Amino acid sequence: MTKVRTRFAPSPTGFMHLGGLRTALYCYLFTRKHQGTFILRIEDTDQERFVEGATQVIYDTLRACGMNWDEGPDIGGPVAPYIQSQRKDSYLPHAERLIKSGHAYRCFCTREELQQRRETAEARGDTWKYDKHCLGLSQEEIDSKLAAGLPHVVRQNTPLTGESSFDDLVFGHIAAPNDTLDDMVLLKQDGMPTYNFANVVDDHTMGITHVIRGMEYLSSTPKYNLLYQALGWPIPQYIHLPTVMRDSKHKLSKRDGDAYYSDFVKRGYLTEALINYLALVGWNPGDEREFFTMDELVDAFSVAGLSKSPAIFDINKLTWFNTEYIRRLPPDEYLQLAQPWFDKALQGQPMDIPRLAQLMQGRTEVFERIPDMIAFLRERPAFDSALYDNKKQKSSLDSTPGALELARGLLSQIQEWTEPNIHQALMTGIAAAGLKNGTVLWPLRIALSGQLSTPGGAIEIAYLLGREEALRRLDSARAALTSG
RNA sequence: GGCCCCGUGGUCAAGUGGUUAAGACACCGCCCUUUCACGGCGGUAACAGGGGUUCGAACCCCCUCGGGGUCACCA
């Protein structure tokens with residue numbers, strides 16, 4: 001078997017879509033698994049959609065994800081250039097060969113004419129397909145139109161009989177009747193190839209052995225194969241990938257605004273978690289493993305594990321992966337990543353940040369959720385005294401005033417405000433008073449934080465707040481109790 | 001509408017003629033516990049429907065239904 005050569009061929013739109021990223025991932029994994037060559041090619045034949053800086057986004061994303069390419073626009077390679085617009089001149093000779101052999105022809109129909117004929121056909125209830133109108137032009141007619149400088153495109157001449165088929169590595173045998181295949185445009189008026197044509201030519205001239213792409217190309221692949229055959233080129237292996245869906249009816253689309261890699265990173269998703277999750281949407285390793293580094297993915301990857309049916313993107317599961325990855329971060333790395341989010345919530349309030357980080361690391365699902373979780377440290381929210389009531393903790397509205405008074409006394413006598421000292425003072429004091437821990441600690445935590453759920457218990461919160469603030473909050477809570 | 005593809009719990013999925021139909025996320029309950037979380041234990045929940053083939057179908061065939069894709073001088 002010849003050496004595997006694959007390509008990831010995104011068009012530079014300015015963003016890296018998660019669906020595209022997953023395609024790149026599978027392509028990368030397959031290639032590395034087979035010790036092949038992974039090529040990056042930029043598909044920018046659509047000049048109208050050119051976006052400044054878009055290729056850089058592609059480079060940055062792929063590299064951040066650990067998918068390094070062996071040949072590409074920025075690093076070159078034996079079949080350069082790797083940017084399609086720079087290969088412009090290479091397509092024409094092949095198109096002319098096809099014209100000569102009768103597999104393609106020049107078409108002078110204007111867009112308006114085409115639209116009109118399409119509408120007429122559809123009004124009759126017929127399905128529209130290019131009617132091969134210009135195939136009937138005589139050589140004289142063609143020459144005179146050419147001499148007159150009339151704009152034209154080049155179309156593929158698909159056969160009207162027989163059928164075309166191929167064997168996809170994931171979908172198996174795919175066949176389509178030739179008479180349902182449209183005479184697609186190969187070369188546009190501006191001389192640029194369409195995606196359809198550029199792909200065939202580039203994939204062949206770049207020596208691509210395995211074409212890995214989304215399944216939206218599945219139904220046009222027979223047409224591409226007709227082209228390969230007409231040009232006398234070997235047909236590559238195909239691996240079409242099932243779509244990533246937003247829900248059962250819609251695919252994860254660019255319009256959702258939250259489907260870009262950069263969006264997830266901004267919100268505080270870890271790249272490793274994202275890659276790990278994405279790998280499992282449409283593929284499974286065949287065993288029970290769920291956590292994979294990139295190297296482990298390469299090792300485990302197999303085309304046999306690819307699924308045929310579309311998979312719904314589950315933010316829930318992604319978030320679970322993210323939580324797990326955050327939990328496994330070295331503490332200093334967690335602190336570094338969390339710091340900006342701490343700052344956002346604390347706004348300069350003095351705090352034992354390393355201790356806060358310690359308490360938060362195991363509770364952080366997505367970094368962007370941090371500010372909401374710790375905002376109470378900066379300012380205690382208004383709260384309902386009903387929060388003091390907790391049967392399980394043996395705390396009630398009746399027991400609370402006494403409990404808080406006890407806590408106030410114990411806390412105010414602490415010399416050095418450390419967690420062990422706070423713990424010591426409260427626990428011995430509570431035991432001496434003959435109370436249950438919860439009877440005092442539950443209301444204390446409520447009084448200090450004003451909320452049901454906090455990252456840490458009463459002792460940790462009291463410590464983080466500092467002596468002065470803790471006592472101040474305690475006093476105001478007690479006052480609110482007697483006045484209200 | 002034509003053509004192509006897909007169809008196991010809410011989601012991802014294992015399963016390739018004989019299984020009590022795995023596992024994970026989510027959800028619910030219990031335990032642990034100074035809250036939440038973590039952890040431990042347990043639970044709810046699926047073969048789209050109908051016909052065949054077969055001693056026996058989630059697995060093979062056909063039909064129906066449902067969903068997706070594609071039918072651009074976009075990729």
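In what follows, every chain begins at residue 1, and chains take the letters A, B, ... in the order their sequences are listed. The structure displayed is predicted, hence computed values, not measured ones.
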> Are A:R246 and A:F313 in a cation-pi contact, defined as NZ or CZ under 6.0 Å from the six-membered ring centre and within 45° of the axis?
no
> Which part of the nucleic acid does A:E290 contact within heavy-atom distance under 4.0 Å: base, sugar-phosphate only, or nothing?
sugar-phosphate
> Is A:K129 atom NZ crowded by more than 12 heavy atoms from other residues, nucleotides or ligands, each under 6.0 Å away?
yes
> Rounded to whole angstrom units, what separation is found between the CG atom of A:N276 and the C1' atom of B:C25?
13 Å
> Looking at A:N284, I'd like to know whether one of its side-chain N or O atoms comes within less than 4.0 Å of OP1 or OP2 on B:A13.
no
> Considering only atom P, compute the distance from B:C62 to B:C4 and round it to an integer number of Å.
13 Å
> Name the nucleic acid region contacted by A:G282, choosing base, sugar-phosphate or nothing; use a 4.0 angstrom heavy-atom cut-off, strictly under.
sugar-phosphate
> Taking the side chain of A:M215 as heavy atoms from C-beta outward, which of B:C36, B:U34, B:G68 is closest to it?
B:G68
> With the side chain of A:S219 defined as its heavy atoms from C-beta on, choose the nearest nucleotide among B:U70, B:A37, B:C6.
B:U70
> With both distances under 3.5 Å as the test, what is the Watson-Crick or G-U wobble partner of B:G9?
none
> Heavy atoms from C-beta onward define the side chain here; which of B:C73, B:U34, B:G2 lies closest to that of A:T127?
B:G2
> Without hydrogens or angle criteria, can the side chains of A:Y334 and A:T364 be said to hold a donor-acceptor pair below 3.5 Å?
yes
> Could you give the CZ-to-C1' distance, from A:F313 to B:G10, as a whole number of Å?
17 Å
> Write down the distance separating the C1' atoms in B:G52 and B:A46, rounded off to the nearest Å.
24 Å
> Choosing from B:G68, B:C74, B:U35, which nucleotide comes nearest the side chain of A:K188?
B:C74
> Counting heavy atoms from C-beta on, name the nucleotide in B:G68, B:C74, B:G2 closest to the side chain of A:T180.
B:G2
> Rounded to whole angstrom, note down the P distance from B:G29 over to B:C36.
13 Å
> Checking all strands, does A:A311 fall into the base, sugar-phosphate, or nothing category for heavy-atom contacts under 4.0 angstrom?
sugar-phosphate
> Strictly by modelled atom types, are A:H173 and A:D167 linked by a side-chain donor-acceptor pair under 3.5 Å?
yes
> Does a donor on one side chain sit under 3.5 Å from an acceptor on the other, for A:Y269 and A:T319?
yes
> Is there a donor-acceptor contact under 3.5 Å linking the side chains of A:T454 and A:R445?
yes
> So if I take every side-chain heavy atom of A:R118 and compare against B:U34, B:A72, B:C38, which nucleotide ends up nearest?
B:A72
> For the C1' atoms, the ones on B:A21 and on B:G9, what distance do you get once it is rounded to whole angstrom?
11 Å
> Measuring only the C1' atom in each nucleotide, how far is B:G49 from B:C55? A whole number of Å is fine.
25 Å
> Counting the atoms with a prime plus P, OP1 and OP2 as sugar-phosphate, which does A:L280 contact under 4.0 Å by heavy atoms, base, sugar-phosphate, or nothing?
sugar-phosphate
> Using both distances under 3.5 Å as the test, list the Watson-Crick or G-U wobble partner of B:C55, or none.
B:G18
> Which is true for A:V153 with a 4.0 Å heavy-atom rule: it touches a base, it touches only sugar-phosphate, or it touches nothing?
base
> For A:L318 and A:M427, find the nucleotide of RNA chain B closest to each by heavy atoms; which residue's nucleotide sits nearer the 5' end?
A:L318
> Specify the separation, in whole Å, of atom CZ of A:F292 and atom C1' of B:A24.
12 Å
> Go through B:C36, B:A75, B:C4 for me and flag the one nearest to the A:S11 side chain.
B:A75
> Test for a donor-acceptor pair under 3.5 Å between the base of B:U33 and the side chain of A:K392, counting only N and O atoms.
yes
> Taking the nucleotide of RNA chain B with the nearest heavy atom to each, does A:H173 or A:Y217 sit closer to the 5' end?
A:H173
> Reckon A:Q189 touches a base, only the sugar-phosphate, or nothing at all at heavy-atom distances under 4.0 Å?
base
> Are more than 12 heavy atoms, taken from residues, nucleotides or ligands other than A:Q116, located less than 6.0 Å from that residue's CD atom?
no
> What contact category does A:E122 fall into here, base, sugar-phosphate, or nothing, at under 4.0 angstrom with non-hydrogen atoms?
nothing
> From NZ of A:K436 over to P of B:U35, roughly how many Å is that when rounded to an integer?
12 Å
> B:C27 pairs with which nucleotide, Watson-Crick or G-U wobble, both distances below 3.5 Å?
B:G43
> Between B:C73, B:U34, B:C25, spot the one nearest the side chain of A:W320, thanks.
B:C25
> Looking at B:A75, B:C4, B:A24, which one has an atom nearest to any side-chain atom of A:L218?
B:C4
> Describe the nucleic acid contact of A:A175 in one word from base, sugar-phosphate, nothing, applying a heavy-atom distance below 4.0 Å.
sugar-phosphate
> Is any side-chain N of the basic residue among A:R328 and A:E272 closer than 4.0 Å to the acidic one's carboxylate O?
no
> Over 60° means perpendicular and under 30° means parallel, so classify the ring planes of A:W320 and A:F291, tilted if in between.
tilted
> Heavy atoms under 4.0 Å, any strand shown: does A:G362 hit a base, just sugar-phosphate, or nothing?
sugar-phosphate
> Mind checking A:H423 for me? I need base, sugar-phosphate or nothing, with any heavy atom below 4.0 Å counting as a touch.
base
> Which nucleotide wins on minimum distance to the side chain of A:P177, given the candidates B:A26, B:C73, B:C3?
B:C3
> Does any nucleotide pair with B:C3 by Watson-Crick or G-U wobble geometry, both distances under 3.5 Å, and what is it?
B:G69
> Checking base pairs now: Watson-Crick or wobble, both atom distances under 3.5 Å. What partners B:A37?
none
> A:D202 has an atom CG; how far is it from atom C1' of B:A75, in whole Å?
13 Å
> Under 4.0 Å, counting only non-hydrogen atoms across every strand here, what does A:S220 touch: a base, just sugar-phosphate, or nothing?
nothing
> With P as the reference atom in both, quote the distance from B:C61 to B:U53 in angstrom, rounded to an integer.
15 Å
> Whole-Å distance between B:C12 C1' and A:L252 CG?
15 Å
> Does B:U35 have OP1 or OP2 sitting under 4.0 Å from an N or O in the side chain of A:Q451?
no
> Taking the P atom in each of B:U20 and B:A58, what is the distance between them to the nearest angstrom?
13 Å
> Would you kindly give the CD1-to-P distance between A:I459 and B:U33, to the nearest whole Å?
15 Å
> A:D183 pairs by side chain to side chain donor-acceptor pair (under 3.5 Å) with which of A:H133, A:K132, A:K223?
A:K132
> Output the rounded distance in Å from CD (A:E216) to C1' (B:A72).
15 Å
> Give a yes/no answer on whether the side chain of A:K308 brings an N or O atom under 4.0 Å of OP1 or OP2 in B:C6.
yes
> P atom, B:G51 versus B:A13: distance in rounded Å?
30 Å
> At 4.0 Å (heavy atoms only), tell me whether A:M245 reaches a base, stays on the sugar-phosphate, or touches nothing.
sugar-phosphate
